[in-house]
Peer 1: 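I'd like to ask you about the structure that follows.
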Amino acid sequence: MQVKLSGFETQKDPIQNYCKLGCGILSSSGLAAFLIGLGTASASAEITPFQIQSTGTISGTIQLPSFNPNFNNRVTRVDTDSTGTYNRNIGSNSNPNYVPVYKSDYVKVQTRTDGSLHYFVDFKGVPVVAFDGILNSPVLSGGELTPYTYQGKLPGTKYQGVVQDEFGLTKAFYTGIVTDPKTGQQYEGTFQVSGQGPRYSDRNGGESPTVFDFKSDIPGKPTVTSYKMTNSPLVRLTINVPADAKLVTPPTTGGGSTTSPTPPTPPTPPPPPTPPTPPITTTSPSPHLPITTTSPTPTPDIEFSSGNSIAVNSPVFNFASMCVQNSENCRTKVTLTPKKAIGPRSRVLLR
């Protein structure tokens with residue numbers, strides 16, 4: 001007689017089989033969740049490079065590079081009068097107010113098509129570097145300019161630029177935090193920045209260095225080799241956000257914050273004081289001995305906002321007479337006299 005044990009063996013330990021199956025499902029689920037989490041983290045960390053536009057101020061001593069103390073190839077033409085003097089309008093178009101700004105000895109003249117004369121002075125731009133730069137902007141915080149090597153020859157450069165009809169900040173690196181004014185999103189890292197100051201013809205053109213300050217009129221040579229700026233305005237500041245910038249705050253919708261403020265927890269009011277229980281001493285009735293009682297101790301008048309009070313309406317027990325008869329029907333007469341509150345009440349507000 002043969003007995004098949006295969007079917008019996010498959011069911012000899014069903015709990016172990018179920019454990020193996022459940023552990024396999026849990027392991028697969030955990031691995032899938034882990035992989036999904038990695039993908040989500042990678043996706044959330046990816047940043048598409050973009051630019052942020054703002055304004056700011058810049059400080060530092062700009063100077064001509066030591067290995068190229070000369071003009072660059074850019075030419076700025078400034079209209080002047082017949083004496084080579086440039087006058088800036090510090091008023092308005094309807095109410096002009098011209099003040100002399102710069103006078104050149106190299107005035108040139110051309111004849112226009114209508115026969116009038118055109119006087120002007122040509123200036124060459126001046127490349128400059130700074131080793132002590134400070135950059136400020138409403139969108140920058142918690143950082144500073146990072147030094148680098150200018151053209152591989154001048155280490156420690158904080159920023160570089162060019163002086164012509166306006167000051168141009170051509171290259172600098174800011175390490176810190178930048179805030180996108182459109183979304184409120186913050187990014188941390190090192191950002192390359194550039195910008196420009198006001199033009200020489202603007203009302204505030206004198207607040208930023210121009211070719212007038214370096215006296216670079218052609219065919220002359222630069223007679224000024226350095227210029228100190230203190231919070232010179234930048235009417236345009238461009239910050240490049242790279243792909244490796246770190247996200248500081250979570251994305252917001254519509255520029256608002258996604259985190260709602262937590263309301264403060266109201267303080268727990270203290271429990272009202274428990275009125276003291278007046279002690280009453282009572283002796284068993286006797287045919288010849290009176291019953292003795294102790295009057296309750298008066299308590300201060302305290303009224304709560306709920307309208308309850310302590311000891312204001314506490315009864316005072318006065319025995320008008322005492323039972324001295326040996327009778328089971330003897331009853332002690334008790335007169336309740338309400339105690340009247342005296343003086344102002346102390347109000348305890350429970351919030």
Peer 1: Do any N or O atoms from the side chain of Thr157 and from the backbone of Tyr159 form a donor-acceptor pair under 3.5 angstrom?
Peer 2: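 Between the backbone of Tyr159 and the side chain of Thr157 there is no qualifying donor-acceptor contact (under 3.5 Å).
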Peer 1: Pairing donors with acceptors under 3.5 angstrom, does anything connect the side chains of Gln51 and Thr238?
Peer 2: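 No, because no side-chain N or O of Gln51 sits under 3.5 Å from a partner of the opposite role on Thr238.
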Peer 1: May I ask you to list the residues sharing a hydrophobic cluster with Val101, side-chain cutoff 4.5 Å, ordered by chain and number?
Peer 2: Val78, Tyr86, Tyr102, Val107, Val109, Leu117, Tyr119, Val121, Phe123, Tyr200, Val211, Phe212
Peer 1: Give, for atom OH of Tyr150 and atom CZ of Phe131, the distance between the pair rounded to the nearest 0.5 Å.
Peer 2: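 That separation rounds to 9.5 Å.
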Peer 1: For Gln63 and Thr225, run side chain to side chain contact (heavy atoms under 4.5 Å, CB included): C-alpha distance rounded to whole Å, both residues' side-chain angles, the deciding distance at 0.1 Å, then the answer.
Peer 2: CA-CA 6 Å; Gln63 55 187 315; Thr225 57; 5.9 Å; no
Peer 1: For Gln53, look at atom CD and say whether over 12 heavy atoms of other residues, nucleotides or ligands are found less than 6.0 Å away.
Peer 2: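 Yes, enclosed.
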Peer 1: Taking all heavy atoms of Pro65 and all of Pro127, pick out the closest pair and write down the distance.
Peer 2: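 That closest heavy-atom pairing would be CD-O, 3.2 Å.
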Peer 1: In the hydrophobic clustering (ILVMFWY, side-chain contacts below 4.5 Å, transitive), which residues join Ile90, or is it alone?
Peer 2: Val99
Peer 1: Could you walk me through whether Lys158 and Asp132 pass the salt bridge (Lys or Arg N to Asp or Glu O under 4.0 Å) check?
Peer 2: CA-CA 6 Å; Lys158 286 296 186 70; Asp132 59 345; over 6 Å; no
Peer 1: Minimum heavy-atom separation for Ser216 to Lys124, with atom names?
Peer 2: OG-O, 2.8 Å
Peer 1: Looking at every non-hydrogen atom in both residues, tell me the closest pair between His118 and Asp79 and how far apart they are.
Peer 2: NE2-OD1, 2.6 Å
Peer 1: Can you list everything that forms a salt bridge (Lys or Arg N to Asp or Glu O under 4.0 Å) with Arg236? Sequence neighbours excluded, please.
Peer 2: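 None.
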Peer 1: Quick one: list whatever passes salt bridge (Lys or Arg N to Asp or Glu O under 4.0 Å) with Asp165, sequence neighbours left out.
Peer 2: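 For Asp165, the residues satisfying salt bridge (Lys or Arg N to Asp or Glu O under 4.0 Å) (neighbours in sequence not counted) are Arg199.
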Peer 1: The test is side chain to side chain contact (heavy atoms under 4.5 Å, CB included); show your working for Leu154 and Ser66 and say whether it passes.
Peer 2: CA-CA 9 Å; Leu154 295 179; Ser66 57; 3.7 Å; yes
Peer 1: Which heavy atom in Pro219 sits nearest to a heavy atom in Tyr106, and how many Å separate them?
Peer 2: CD-CD2, 3.1 Å
Peer 1: Is there a donor-acceptor pair closer than 3.5 Å between any side-chain N or O of Thr179 and the backbone N or O of Gln186?
Peer 2: no
Peer 1: Please lay out, stage by stage, how Ser232 and Glu207 fare under the test side chain to side chain donor-acceptor pair (under 3.5 Å).
Peer 2: CA-CA 6 Å; Ser232 294; Glu207 299 177 5; over 6 Å; no
Peer 1: So which heavy atom on Pro198 is nearest to which on Pro233, and how close?
Peer 2: CD-O, 3.5 Å
Peer 1: Counting N and O atoms only, with roles assigned by atom type, does the side chain of Asp180 sit under 3.5 Å from a partner on the main chain of Lys182, one being a donor and the other an acceptor?
Peer 2: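 A pair under 3.5 Å: yes.
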Peer 1: Below 30° counts as parallel, above 60° as perpendicular, anything between as tilted: where do the rings of Phe50 and Tyr187 land?
Peer 2: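 Aromatic pair Phe50/Tyr187 classed perpendicular.
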Peer 1: As a quick check of understanding, evaluate side chain to side chain contact (heavy atoms under 4.5 Å, CB included) for Leu234 and Leu135, giving each step before the final call.
Peer 2: CA-CA 10 Å; Leu234 295 173; Leu135 178 64; 3.8 Å; yes
Peer 1: Ignoring hydrogens and angles, tell me if any N or O in the side chain of Asn93 forms a donor-acceptor pair with the backbone of Pro96 under 3.5 Å.
Peer 2: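 No.
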Peer 1: When you check the side-chain N and O atoms of Thr190 and Thr175, is any donor under 3.5 Å from an acceptor?
Peer 2: yes
Peer 1: How long is the gap from CZ on Arg77 to CZ on Phe120, to the nearest 0.5 Å?
Peer 2: 4.0 Å
Peer 1: Residues in salt bridge (Lys or Arg N to Asp or Glu O under 4.0 Å) with Arg203, at least two apart?
Peer 2: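 Salt bridge (Lys or Arg N to Asp or Glu O under 4.0 Å) list for Arg203, sorted by chain: empty.
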Peer 1: Which is it for Phe173 and Tyr148 under the side chain to side chain contact (heavy atoms under 4.5 Å, CB included) test, yes or no, and what are the steps along the way?
Peer 2: CA-CA 8 Å; Phe173 295 96; Tyr148 63 98; 3.7 Å; yes
Peer 1: What distance do Asp105 atom CG and Thr83 atom OG1 have between them, rounded to the nearest 0.5 Å?
Peer 2: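 Asp105 atom CG to Thr83 atom OG1 measures 10.0 Å (nearest 0.5 Å).
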Peer 1: Please give the remaining members of the hydrophobic cluster of Ile134, linking ILVMFWY side chains under 4.5 Å, ordered by chain and number.
Peer 2: none
Peer 1: What are the two closest heavy atoms between Phe167 and Ser208, and how far apart are they?
Peer 2: CB-OG, 3.3 Å
Peer 1: Starting at NZ of Lys171, measure out to OG of Ser194 and round the result to the nearest 0.5 Å.
Peer 2: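 Result: 11.5 Å between the selected atoms.
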Peer 1: Say whether, by atom type as modelled, one donor and one acceptor occur between the side chain of Thr170 and the main chain of Gln160 under 3.5 angstrom.
Peer 2: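 At least one qualifying donor-acceptor pair exists.
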Peer 1: Would you check if the side chain of Asn240 reaches a backbone N or O of Gln192 as a donor-acceptor pair within less than 3.5 Å?
Peer 2: yes
Peer 1: Hey, does Leu140 have a side-chain heavy atom less than 4.5 Å from the side chain of Val178?
Peer 2: yes
Peer 1: About how many Å separate CD of Glu144 and OH of Tyr174, when rounded to the nearest 0.5 Å?
Peer 2: 8.0 Å
Peer 1: Compare all side-chain heavy atoms of Pro181 with those of Ile52 and state whether any distance is below 4.5 angstrom.
Peer 2: yes
Peer 1: Keeping Asn136 on the side-chain end and Gly56 on the backbone end, is there a donor-acceptor pair under 3.5 Å?
Peer 2: no
